[in-house]
Amino acid sequence: MNKENVIQELQALAAEGMADQPEVASVAAVAGPAGEEEAKPQTAIPPEPRRNGVLEVDYAVRGVHVDVQIQGDQVVRAAQILDEAGMTLEAITGVDWINDQELEVVYDYSYTGGSCFRVVVRARISRHEPTIPTVSGVFPGANWHERETFDFFGIHFEGHPQLEYLLLPEDCDFHPLLKDFKGC
Amino acid sequence: MDLGINVFEMVIYLVGFIAFAAANAAYLVWVERKGAAHIQRRTGPKEVGPYGLLQPLADGAKLMSKQFIIPAGVDRPLFILAPILTMVPAIMIFVTIPFSETILARDFNIGLLMILAFASVNVLALLMGGWASRNKYAVISAARVVSQNIAYEIPMLIIVITIVLISGSMNLTEIVAGQAGGILHWNLLPTNGNFLGPITFIIFFICSLAETNRAPFDLGEAESELIAGFHTEYSSMGFGLFFMGEYANIVIAAALTTILFLGGWYSPLPESIPYAGASSVVWFLVKMYLLIWLVVLIRWTYPRVTLWSLLNLSWKILIPFSLFNLLASAGLVKLLG
Amino acid sequence: MSSQPLSQNQERFELNLGPQHPATHGVLRVKLLMDGEYIVDAEPVLGYIHRMHELMGENRSWAQYLPNMGRLDYLSALSYNLGYVELVEKMAGIEVPERAEYIRVITTEMNRISSHLLWFGAFVLDLGGFTPLLYAFDDREQILDLLEAVTGSRLTYCYYLFGGCYNDVEDDFLSGCLAFVKRLRTRLPMYHNLVTKNVILRQRLEGVGPVSAEMCRKYGATGPVLRGSGINYDLRKNEPYSIYPELDFDVPVYPEGDSMARFMVRMDEMEQCLRIIEQAIAKIPEGPVMAEKVPKMIKPAAGDYYHAVEAARGTFAIRAVSDGANQAYRMKLRSPTFSNLSLFQEASRGMLLADGLAFMGSLDLVIPEIDR
Amino acid sequence: MAGYFTNILGGAKSLVVGLSITQRQFFKKPITLQYPWESLEMTPRYRGHIQLIKNAESGTHQCISCGMCEKSCPSDCITIKGEKQEGVKGKVLVKYELDFTKCSLCGQCIANCKPGAIEFSREYNLASTRKEDFHYDLLKRLKEQK
């Protein structure tokens with residue numbers, strides 16, 4: 001596996017996504033905000049939403065090598081790139097950024113064939129209409145991870161073969177990890 | 001022959017054998033539990049009576065006092081009949097088994113045939129129980145038991161024919177009598193004239209394990225796959241009878257093996273030695289219980305086979321071997337006899 | 001198995017395996033579509049012991065979340081403890097004294113052995129052999145006694161703290177560990193003679209439940225399942241943490257991908273654990289077991305952090321998102337058996353029921369960890 | 001064909017080896033402990049529910065009612081109350097209640113206790129059919145302690 005190639009392909013992918021969004025396309029996101037973020041004052045306010053792009057972050061601090069943010073409809077392409085590179089989908093999860101009225105879907109990829117290489121792919125989608133294409137066509141293992149994310153966040157994975165409650169009871173009507181969930 | 005005395009004798013023997021079968025079933029459970037415990041470095045039952053010896057009685061009392069639950073939707077007549085049908089043939093078989101020259105109920109000319117005939121009823125009972133239970137696990141188990149029993153009856157019968165060829169009789173007393181004169185004359189050993197004796201014995205022993213549904217061939221019960229197999233839905237004495245039937249069958253299998261291969265009531269030593277060389281029922285029981293211990297030990301040592309390897313073992317190994325064995329023995333009998 | 005399932009138009013039936021079933025080792029339910037004895041389709045149904053640990057992580061301070069780690073995979077709780085404290089130490093920049101690192105490795109490896117021993121017993125029990133379970137428990141009990149003397153608990157450990165360990169260990173513990181290493185070295189050959197070499201067991205495991213390396217990759221399977229498919233991937237080597245780089249051990253890999261390979265990986269792993277423990281005890285330095293300065297309130301810089309460790313069943317990873325407060329904004333727990341079990345549906349198609357259960361046993365499931 | 005016979009022989013040998021192992025174990029002594037008749041001594045670090053440490057000299061506890069244990073508890077098991085009393089420096093502990101039904105024995109309270117006033121007890125054979133039996137008043141317990 002050639003790490004540089006993977007990073008380049010992901011950069012190209014992210015650049016496409018930025019072209020769709022004129023307001024962020026003007027800024028090239030190449031600086032390492034890992035350091036910036038650490039320098040920020042410690043407050044209870046969540047950090048500002050990041051722009052789309054590929055960052056090479058400090059592995060020793062963050063635990064990942066490459067941090068990719070792309071458009072929601074690009075996650076399948078990203079999965080295909082990483083699948084061709086021989087990487088494994090380790091987990092899918094979500095984060096509810098209620099202050100931005102956005103949900104973030106996070107895909108953790110790792111490489112099991114040799115030296116450690118971890119890539120995190122994230123996509124932000126609207127909180128009011130949380131839909132994102134499924135990657136279970138590329139990684140069948142994503143099936144359960146997406147169902148779990150659907151359980152917890154109510155994110156609808158388009159094209160998922162069986163989007164039912166996995167861990168929660170089949171008749172429940174709430175999504176507990178949304179920040180406005182107040183118990184049931 | 002005086003009919004009155006004959007009937008009286010018959011009743012005495014029948015009661016005696018039922019008691020023997022029941023006591024064996026009860027105490028073999030104790031042996032199994034105690035044996036398993038010590039194999040696993042535990043102590044086993046020890047609270048009820050000295051060394052837990054009264055445990056089987058307590059278990060029996062518990063089973064009898066429980067409600068016999070008949071689940072909704074089961075085939076009632078078959079469901080009730082099945083446990084009875086496991087126990088009755090087992091007791092019938094005891095009638096034909098000669099424990100010594102004098103202790104036997106009926107001296108049949110075709111004793112061996114009768115045992116095998118009655119032993120086949122058992123599989124019918126298990127099939128009925130599994131089918132009538134209206135439980136998927138029980139049905140799977142019933143299907144397994146039937147295919148297993150059919151597969152193992154073939155090599156078993158071939159082996160029995162071999163023995164009949166060698167001893168020239170189907171009368172159990174005569175088969176034992178043919179092995180008189182110490183260990184070297186037993187059918188087990190090649191010194192008896194049949195150089196394939198040990199293989200014959202091993203095949204017969206494996207078949208008897210499979211016929212009695214004992215581990216590692218307990219596919220019908222398979223507690224880690226099928227909960228409890230054919231008796232999943234049985235409670236109270238329904239379960240108790242299945243349980244007793246299983247142990248009664250083990251006793252029968254061990255007794256039959258003793259008769260066919262281990263010289264029955266004859267001592268392994270030559271008759272010239274006083275006491276130890278004399279033939280008696282004690283020798284019969286010692287041999288039988290040693291075999292039963294082997295059966296228990298095997299259960300607590302091996303994992304369970306799967307259905308296919310079970311059938312493979314029968315069709316690919318046991319049947320060819322037993323057929324070859326039959327041919328060789330027939331040739332030997334023709335040559336030497 | 002050479003035999004193939006019967007034709008499609010035979011009558012099929014559904015079989016509900018679990019949530020209470022002897023072979024599922026907990027409250028796992030598998031919806032089986034059966035064709036006679038053959039599994040046509042097997043769909044695991046999860047969630048019977050779901051406790052929403054991830055939400056708890058968002059409602060508690062970093063330190064208060066510590067006891068939750070012992071309740072995910074209760075059989076190798078210390079690996080989870082280790083993963084979590086290392087993550088928080090990474091986030092807050094806490095240095096751990098060397099002695100504490102050694103204690104952590106020794107206790108974690110002891111815990112790994114106890115987990116594998118229990119799996120070994122329970123797996124043979126699934127196959128119908130009862131006795132090895134009790135022998136394995138005998139050995140496991142020795143480990144639990146040793147760990148109890150140090151951690152105070154026998155199963156749901158909560159022993160590591162941010163910056164070190166809850167308490168120091170005595171020389172008694174170290175010598176006890178060495179004695180145990182010696183003891184298990186004599187017991188393992190017995191297990192191999194009794195179980196591994198047994199022809200019945202070999203027939204049941206060899207060639208059953210083949211999982212290819214590609215399938216593992218697609219499903220994200222890790223741990224012994226992946227190593228049993230010929231991939232040499234062990235986070236202790238590939239992504240070293242704690243003091244593992246200083247210790248010399250091998251990663252057992254078997255290329256066959258069947259249940260036997262997974263069995264052998266775990267059996268060999270126990271021997272490697274013994275090596276690790278021996279070396280760690282030989283090298284353990286004197287010194288404190290807690291870092292000097294551990295902040296009372298841990299307030300990591302905002303951002304997200306990822307940390308993965310090798311638990312007994314594979315990669316256990318945590319993704320923590322911090323907003324700079326004393327508690328996590330989001331805590332994602334990635335448990336290994338969740339991914340390992342997800343390949344069951346595809347891999348078990350066409351298997352015999354008995355083989356399917358043997359295959360499930362070889363995945364080494366711990367249900368609370370899957371359901372979280 | 002030769003493989004067929006060696007397979008059978010090898011298999012048979014493995015079976016005999018297995019039998020000999022279990023038969024040997026049969027003659028060894030049982031290793032289990034018969035619980036109601038015998039029981040183990042708990043190790044010094046055994047984690048039972050927490051209790052106040054009795055100071056041998058003063059005959060009382062060291063608690064300064066700072067509330068750190070209460071705050072650090074993940075499951076809100078601990079309720080304490082301290083009062084200002086005449087002639088005593090600092091607060092005096094008047095109530096220390098532990099709801100053991102919720103406790104997960106993580107030890108956060110003990111790790112966070114500055115004066116070192118609490119410890120794990122070594123009680124393990126607790127059983128009751130009533131929840132309230134596990135709501136302990138640790139001050140009362142301290143008084144009853146010999």
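For clarity, every value in this text was computed on a predicted model and none was experimentally measured. Here is how names work: the chains are called A, B, and so on, in the same order as the sequence lines, proteins then strands, and each is numbered from 1.
- For CG of D:N125, the number of neighbouring non-hydrogen atoms (other residues, nucleotides, ligands) closer than 6.0 Å is greater than 12.
- Under the 6.0 Å distance and 45° angle rule, D:R47 counts as a cation-pi partner of C:Y166.
- With a threshold of 4.5 angstrom between heavy atoms, C:L194 approaches chain D through its backbone and through its side chain.
- In this structure, chain D has no heavy atom under 4.5 Å from any part of C:T156.
- Among D:T22, D:N7, D:I21, the residue making the largest number of heavy-atom pairs under 4.5 Å with chain C is D:I21.
- Interface check for chain D: of the options C:R154, C:K197, C:E148, the most heavy-atom pairs under 4.5 Å are formed by C:E148.
- Taking chain D as the reference chain and counting heavy-atom pairs below 4.5 Å, the highest number among C:N167, C:N193, C:I200 is found for C:N167.
- Looking at C:L134, there are no atoms closer than 4.5 Å to chain D (heavy atoms on both sides), in backbone or side chain.
- At distances below 3.5 Å, not a single donor-acceptor pair connects side-chain atoms of C:R372 with backbone N or O atoms of C:L72.
- D:Y96 places no side-chain N or O within donor-acceptor distance of the main-chain N or O of D:S65, the cut-off being under 3.5 Å.
- For a residue to count as touching a neighbouring chain, one of its non-hydrogen atoms must lie under 4.5 Å from one of that chain's; by this rule C:R71 touches chain D with the side chain only.
- Among the candidates D:S72, D:A111, D:S20, D:G18, the residue making the largest number of heavy-atom pairs closer than 4.5 Å to chain C is D:S72.
- Interface summary for chain C: among D:A12, D:S75, D:G48, D:C73, the most heavy-atom pairs under 4.5 angstrom belong to D:C73.
- C:R140 forms a cation-pi arrangement with C:F137, by the criterion of a distance under 6.0 Å to the ring centre and an angle within 45° of the ring axis.
- Ionic pairing of C:D139 and C:R183 is present here: one or more N-O contacts between side-chain nitrogen and carboxylate oxygen are shorter than 4.0 angstrom.
- Of the two parts of C:N59, neither the backbone nor the side chain holds a non-hydrogen atom closer than 4.5 Å to a non-hydrogen atom of chain D.
- Applying the side-chain contact (heavy atoms from CB on, under 4.5 Å) test to C:A63 and every residue at least two apart in sequence or in another chain returns C:S61, C:F162, D:Q108.
- There is no contact between C:Y157 and chain D, counting heavy-atom distances below 4.5 Å.
- Using a cut-off of 4.0 Å between Lys/Arg side-chain N and Asp/Glu carboxylate O, C:R204 and C:D126 are scored as not salt-bridged.
- Between chain D and the options C:T151, C:D145, C:V195, the largest number of non-hydrogen pairs under 4.5 Å is found for C:T151.
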